[in-house]
Amino acid sequence: MADSSSLEALVEALRRLPGVGVKSASRMAFHLLQHDRDGTRVLSRALQQAADQVRHCERCNTFTEDPVCRVCLDPRRDATKLCVVETPADQAALERTGAFRGYYFVLMGKLSPLDGIGPNDIGLKRLFDRALDGTVTEVILATNFTAEGEATAHVIGDALKQRGLTVTRLARGVPAGSELEYVDLGTIAHALVDRR
Ligand SMILES: [Zn+2]
């Protein structure tokens with residue numbers, strides 16, 4: 001083992017990344033220090049800056065550096081429609097289709113009881129406040145077609161229907177088990193048009 005507590009601290013820090021064990025963390029640390037000192041500093045500054053600057057949009061919960069993100073500030077969108085997605089990448093996939101002109105709410109996750117992720121962890125209270133603002137009439141559930149995405153859609157759908165909103169789900173053109181991010185645009189656009 002190398003004789004450096006800074007190196008050990010770096011390996012420990014890298015292990016915080018999802019899917020990174022002690023072996024790959026060590027490999028990354030060695031690579032950075034041996035072959036890419038500049039990159040190491042760039043990475044360090046980028047992490048610091050992102051940690052200080054990036055926050056959640058007050059309306060849709062996505063990442064932004066302003067109190068309210070650009071999409072939420074766009075007045076030409078249809079304020080009666082609110083589309084619920086799991087991640088900013090899913091939102092981007094829907095935006096690329098050009099088929100949806102309403103607003104979004106980004107959960108930044110999904111319900112996953114096995115991993116201890118419950119309603120409070122994915123901002124459901126904020127979603128309900130947003131959906132029940134008096135302007136939204138239809139909530140479109142565009143969580144992924146995985147078991148957890150379906151369960152999340154179910155919980156949200158039940159709660160919002162009880163409160164009198166129309167709730168629709170992307171149609172079943174999207175293959176089961178798939179994440180929107182990786183589905184082609186035409187399929188997503190159809191699923192949106194055929195929602196029920
Ligand atoms: Zn926003």
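In listed order, ligands and their atoms are each counted from 1.
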Does a side chain donor of either Thr168 or Glu138 reach within less than 3.5 Å of an acceptor in the other side chain? yes
Enumerate, atom names and distances included, each donor-acceptor pair closer than 3.5 Å involving a side-chain atom of residues 11-21, sequence neighbours excluded.
none

Please determine whether the number of non-hydrogen atoms from other residues, nucleotides or ligands lying under 6.0 Å from atom CD of Gln49 exceeds 12. no
Within-2.8 Å protein N/O/S contacts of the Zn ion (ligand 1): Cys57 SG, Cys60 SG, Cys69 SG, Cys72 SG
Within 6.0 angstrom of Phe63 CZ, more than 12 heavy atoms from elsewhere: no
Classify the angle between the aromatic ring planes of Phe100 and Tyr104 as parallel (below 30°), tilted (30 to 60°) or perpendicular (above 60°). perpendicular
Over 12 non-hydrogen atoms of neighbours within 6.0 angstrom of NE2 in His154: no
